[in-house]
Amino acid sequence: MQLTTAGQDAVTPALRKSAARRARRAQHRRLWPFLLPSALVAFFILLYPLGYAFYLSLFNYYLDTGASTFVGFANYADLFTDTRFWAALTRTIGIVVAAVGLEFCVGLTVAYGLYRLTFGVRALNLLMFLPHIITPVVAALFLKWIFAGRWGLLDSLFATFGFFAPDWLGDPAWARVTVVLADAWQFTPFMILVLFAGLNTVDPSQIEAAQIDGASGRQILFRIMLPSIAPIIAFVLTMRMMDAFRYFDTIYVLTGGGPGTATETVTMQTYALAFRLFQIGKASALGVVTLLIVLAFASIIVATVGRRKGRT
Amino acid sequence: MAAVHLSGINKRFGETHVIRGVDIDIEDGMFCVLVGPSGCGKSTLLRMVAGLEAIDEGEISIGGTVVNDRPPKQRDIAMVFQNYALYPHMTVRENMSFALDLAKRPKAEIEKQVKRAADILGLVPYLDRYPRQLSGGQRQRVAMGRAIVRDPQVFLFDEPLSNLDAKLRVQMRTEIRELHQRLRTTSIYVTHDQTEAMTMADRIVVLKDGVVEQSGGPLELYSRPANTFVAGFIGSPSMNFMPGIARASGGTMQVDLGRGASLPLPAGSRADDGQAVLYGVRPEHFQLGASGLAVEVVVVEPTGADTQLYCRFDGHDVVAAIRDCAECRSGDRIVLAPDSRRAHLFDAASGLRLIA
Amino acid sequence: MNAGRFRTSQILLFVALAAFTAAMLTPVVWALMTSVKQPIDAFAIPPKIVFEPTFEFHRQVWLEKGFGRFLLNSAVISLATVVVSVSIGTMAAYALSRMSGKAVGGIMLALLSLRMFPHMLLAIPFFILAKYLNLIDTYPAMVLALVAINQPFTIWMMHSFFVDVPKEIDEAAAIDGAGEWQTFFRVVLPIVRPGLWVTALFSLLLAYNEFLFALVLTGPHTKTLPVAIAEYGGEDLNYWSLSAAAAIAIMIPIVLFMMALQKHLVRGLALGAVK
């Protein structure tokens with residue numbers, strides 16, 4: 001056996017880079033057929049329709065008459081001067097913030113309760129989870145039968161005790177409260193599940209160390225556990241806000257956006273424009289605007305996830 | 001069976017140059033161990049032989065055929081992975097026969113080969129178990145069995161024993177060695193453990209930072225290390241290095257270690273007057289004596305077979321392993337006499353061995 | 001803390017959480033009771049807890065009101081969606097889990113953003129395109145739409161299972177002589193089989209629960225259960241018990257699903273399986 005060592009660099013940086021790239025490309029070439037079907041679906045059924053929606057948003061297009069004229073960005077300009085749009089936007093933000101805030105507070109309380117509980121945790125966790133995975137339309141109906149005027153569970157309970165119940169779905173202010181409660185009913189279980197899982201990832205030795213340092217249960221929660229699951233909290237909050245922002249099924253069944261426009265969110269408004277008034281162009285423009293708003297949220301998520309990856 | 005030749009191998013990951021012009025020739029039937037600290041490039045080199053890593057520059061040939069552009073399956077090699085990489089959904093039998101099955105060999109032949117490998121490795125009772133039902137040592141054997149059934153030209157081992165506990169590791173070391181003596185298949189074995197390298201190899205290649213530092217038989221590396229890195233890496237506990245100056249006095253060259261200690265040059269070495277050198281002595285090559293290094297004992301560790309003394313000399317730590325050492329205690333002052341026939345001399349600046 | 005006080009506080013905590021759970025389940029229980037009440041019991045004040053149950057409405061829903069047909073539609077559409085979406089998504093996830101480089105991270109993040117997509121924006125072009133292509137009220141239109149919105153989830157979920165399979169397994173297979181497809185089908189896919197089932201079930205749930213696209217793209221022939229029940233659950237009190245019976249029936253597969261997947265709920269839901 002003989003051997004020599006030639007430590008010197010005989011190649012140029014360009015050659016060097018191309019060799020590494022060649023190796024990776026060879027590996028990818030063998031794998032790309034696996035990606036193809038999915039890529040075709042993404043292109044033809046996600047990206048192409050998206051582009052088409054943007055294209056439609058540049059036209060004054062009425063589905064019932066079939067009339068279509070190119071108007072450029074006029075639909076967007078109309079939108080931004082339309083008080084109904086601004087009202088829907090502020091209303092949506094109000095509902096989203098109230099619902100997600102409520103879900104987080106209740107979710108964290110219950111998750112911490114489950115974390116401290118030493119028995120029956122799994123059964124409770126599973127049972128309280130049911131509202132989250134029921135078909136949204138069915139969930140909305142369940143709630144409707146609670147909140148319905150006169151014969152709903154709530155009203156008949158009020159009547160039993162001789163109180164006068166508010167009109168949960170018919171009064172504009174109460175209707176918004178009901179919509180928030182409905183969202184909370186379906187998504188608090190999700191918060192509980194994620195936060196409970198998060199609390200369980202906290203290293204027990206950290207908690208024991210804090211106990212030995214003399215920290216109380218509350219101090220441990222707020223100064224040790226919550227900071228260490230902060231990325232999970234940030235992730236679940238932004239995710240939830242984005243989902244609540246585009247949410248449709250519950251409101252459609254529960255109030256249909258009414259009474260009047262009291263619970264008309266941006267998504268409901270888009271639906272009404274497109275499929276009730278058949279103003280496809282204007283509806284598409286509204287959809288594109290919604291997408292941009294949601295993408296702004298998405299970039300927050302991406303930043304959070306990216307940071308979490310960087311840390312581990 | 002085949003010889004394996006690596007010539008002018010270079011590899012870069014992005015800007016990091018991990019293998020720098022390595023040449024290794026492994027003769028047919030040889031058990032060659034690549035050893036070095038983590039990150040020295042030994043695993044990368046092995047994976048290049050396997051075909052799992054592209055070769056940026058240079059040539060690898062197996063059995064006289066250049067295999068650079070061949071995928072692993074056309075190289076006629078078998079590999080044992082550090083985490084074994086057994087297929088968890090297959091039984092031991094299925095794991096071992098998978099390769100032959102893919103090669104569409106006849107059923108009877110597959111069965112015969114699996115039987116043979118299972119016999120050699122003592123796996124017959126476990127053939128219908130799943131990997132998760134086996135102990136660490138048994139999994140290790142299955143991984144080897146999977147390699148044996150193929151009857152390949154070359155075996156590649158990537159730190160195969162590092163997931164085993166100490167006792168099992170020693171046992172498997174012997175088993176792998178026995179297996180090699182029986183099958184005589186060319187083997188390339190990667191490890192960071194110099195003891196494994198010393199006990200198993202016909203040839204050891206010591207790598208550091210992607211460069212071959214030295215290669216040779218185990219005893220050659222032990223008794224004639226080419227530089228301070230190899231000297232320190234091979235042997236346990238590590239060689240002591242004491243800085244000194246070579247001085248000519250009365251016709252003979254001496255190494256002045258300071259504190260009035262002056263030692264004759266080690267056998268077979270040379271140095272110029274005034275040259276800064278490192279005087280290297282393995283702990284087992286010290287004796288208690290009348291002349292040599294006057295040291296203070298700091299810690300005494302009897303291991304039974306010998307006693308290791310951790311001493312202090314002129315601000316340096318000196319370790320000595322003394323056979324049947326009598327009554328040394330911490331704080332004692334003793335004199336350690338190096339065996340100058342087995343001591344080593346290195347240039348302080350380059351770290352290279354100084355040879356007469 | 002002494003043992004007695006610890007036990008008392010645990011019991012109080014349990015009672016509080018059980019009460020919360022009961023409150024959360026009230027709407028479900030109320031609907032369940034409504035579905036088996038005679039109209040005279042359903043509209044009683046105070047609400048009746050004890051009554052003589054009748055399964056008349058459950059019978060009517062399936063035998064007279066055509067819900068059998070809607071169930072069939074839902075089943076065909078959901079199963080077809082799962083088969084297509086999971087098979088192509090699984091292949092893509094495998095490739096992404098075995099590739100390296102910045103592009104892969106970019107694709108994964110893009111998929112995550114797609115999952116956040118406002119479906120309303122897609123519903124409009126889907127509707128127009130389906131109308132042009134004469135696909136309104138056909139199964140393929142619904143299945144394609146659901147596959148498309150399902151892809152990001154399927155890929156993320158399967159990706160999370162594939163990255164748990166060490167790359168050495170692929171390498172061992174390559175050395176054993178397997179090509180890419182053999183490695184995928186004979187080695188890696190069998191290892192992630194449990195994950196494949198989990199992903200398939202979550203995709204099934206997503207397709208089964210979907211409402212907006214079904215509302216826009218289906219018609220009399222392909223109407224799914226959510227659309228049918230939404231039309232039914234109107235104000236008309238005469239239909240109250242009837243639609244409660246239908247709603248409860250729609251929920252039953254989901255309860256089974258939840259029990260089957262309880263261990264995997266966090267993983268699936270954190271990736272946004274359901275809604």
Side-chain angles (χ1 to χ4, degrees), chain A residues 24 28 30-31 34-35 37-38 41-42 45-46 49 52-53 110 113-114 116-118 120 124 126-128 130-131 133-138 141-146 151 153 156-157 159-160 190 193-194 197 242-243 246 248-249 253 267 270-271 274-275 280 283-284 287 290-291 294 298 302, chain C residues 10 13-14 16-18 20-21 24-25 27-28 30-31 34 43 45-47 88-89 91-92 94-95 98-101 109 113-114 116 118 120-122 124-126 128-129 144 147-148 151 180 205 209 211-212 216 226 229-230 233 237 243 247 250-251 254 258 262 265-266 269-270 274-275:
Chain A
R24 185 185 293 167
H28 287 190
R30 287 181 276 118
L31 287 169
F34 287 86
L35 276 176
S38 208
V41 165
I45 320 183
L46 281 175
Y52 188 57
V110 175
L114 286 173
R116 295 298 295 267
L117 192 64
T118 50
L124 284 179
L126 195 63
L127 280 175
M128 67 173 72
L130 187 62
I133 57 169
I134 302 176
T135 310
V137 172
V138 170
L141 281 176
F142 285 175
L143 290 170
K144 196 169 184 175
W145 299 326
I146 298 288
W151 310 114
L153 178 62
S156 56
L157 280 177
T160 307
F190 171 73
L193 191 78
V194 174
M242 284 166 50
D243 283 357
R246 59 173 199 176
F248 170 75
D249 306 10
V253 172
T267 308
T270 317
Y271 180 80
F275 299 104
I280 298 298
S284 301
T290 316
L291 172 65
V294 173
V302 166
Chain C
Q10 279 290 310
L13 185 57
F14 180 81
L17 289 169
F20 173 79
T21 309
M24 291 294 277
L25 291 180
V28 181
W30 177 241
T34 306
F43 299 114
I45 291 176
I88 67 176
M91 291 198 303
Y94 172 68
R98 264 46 188 170
M99 287 175 166
S100 50
L109 284 180
S113 320
L114 279 180
M116 312 300 173
M120 191 59 77
L121 179 58
L122 283 172
I124 299 169
F126 279 177
I128 308 278
L129 292 169
L144 284 177
V147 166
Q151 277 300 287
E180 277 67 42
L205 184 68
N209 280 348
F211 177 61
L212 175 59
V216 172
I229 186 72
L237 292 179
S243 46
I250 294 175
M251 191 186 70
I254 293 175
M258 191 174 79
Q262 41 175 313
L265 285 177
V266 177
L269 293 161
V274 183
K275 290 169 185 178

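Chain identifiers are assigned alphabetically (A, B, ...) following the order of the sequence lines, protein sequences preceding nucleic acid strands; residue numbering begins at 1 within each chain.
- In this structure the side chain of C:Leu212 reaches within 4.5 angstrom of the side chain of A:Tyr271, judged on heavy atoms.
- Between C:Met251 and A:Ile134, the shortest heavy-atom contact is SD-CD1, 3.9 Å.
- Distance alone, capped at 3.5 Å, places no donor-acceptor pair between the A:Trp145 side chain and the C:Trp30 backbone.
- Of all the listed residues (A:Leu127, A:Leu126, A:Thr267), the one sharing the greatest number of non-hydrogen pairs under 4.5 Å with chain C is A:Leu126.
- Annotation for A:Ser38 and C:Ala92: closest pair CB-CB, 3.6 Å, computed over non-hydrogen atoms.
- Interface summary for chain C: among A:Ala283, A:Ala53, A:Ala42, the most heavy-atom pairs under 4.5 angstrom belong to A:Ala53.
- Contact count against chain C (heavy-atom pairs under 4.5 Å) is highest for A:Thr118 among A:Val41, A:Leu143, A:Thr118.
- Of all the heavy atoms in C:Ala230 and A:Val253, the pair that sits closest is CB-CG2, 4.3 Å.
- Here the side chain of C:Asn209 pairs a donor or acceptor atom with the backbone of A:Ile133 at under 3.5 angstrom.
- With rounding to the nearest 0.5 Å, the separation of CZ in C:Phe126 from CG in A:Leu46 is 6.0 Å.
- The CD1 atom of C:Ile128 sits 4.0 Å away from atom CD1 of A:Ile280, with the distance rounded to the nearest 0.5 Å.
- Contact annotation: the side chain of A:Tyr52 approaches that of C:Leu129 to within less than 4.5 Å [non-hydrogen atoms, C-beta and beyond].
- Side-chain contact check for A:Phe34 versus C:Arg98: every heavy-atom pair is 4.5 Å or farther apart.
- For the set C:Ala31, C:Gly89, C:Pro118, the count of heavy-atom pairs under 4.5 angstrom toward chain A peaks at C:Pro118.
- Here the CG atom belonging to A:Leu114 is positioned 8.0 Å from the CG atom belonging to C:Leu13, to the nearest 0.5 angstrom.
- Between the CG atom of A:Leu130 and the CE atom of C:Met24 there is a distance of 9.5 Å, given to the nearest 0.5 Å.
- Separating the CG atom in A:Leu291 from the CE atom in C:Met120 is a distance of 13.5 Å, to the nearest 0.5 Å.
- Using a 4.5 Å cut-off on side-chain heavy atoms (C-beta onward), C:Gln151 and A:Ile45 make no contact.
- Looking at residues two or more places apart in sequence or on another chain, you find a side chain to side chain donor-acceptor pair (under 3.5 Å) between C:Tyr94 and C:Asp170.
- With a threshold of 4.5 angstrom between heavy atoms, C:Leu122 approaches chain A through side-chain atoms but not through N, CA, C or O.
- A 4.5 Å side-chain heavy-atom check between C:Ile254 and A:Thr135 finds at least one atom pair inside the cut-off.
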Evaluate A:Val137 against C:Ile250 for side-chain contact (heavy atoms from CB on, under 4.5 Å), listing each step before the verdict. CA-CA 10 Å; A:Val137 172; C:Ile250 294 175; over 6 Å; no
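- A heavy-atom distance below 4.5 Å is found between the side chains of C:Gln10 and A:Leu117.
- Contact annotation: the side chain of A:Thr270 approaches that of C:Ile124 to within less than 4.5 Å [non-hydrogen atoms, C-beta and beyond].
- Atom CZ in C:Phe20 sits 10.5 Å away from atom CG in A:Leu124 (nearest 0.5 Å).
- Options C:Pro27, C:Pro226, C:Ala95, C:Ala148 differ in how many heavy-atom pairs under 4.5 Å they form with chain A, and the most are formed by C:Pro27.
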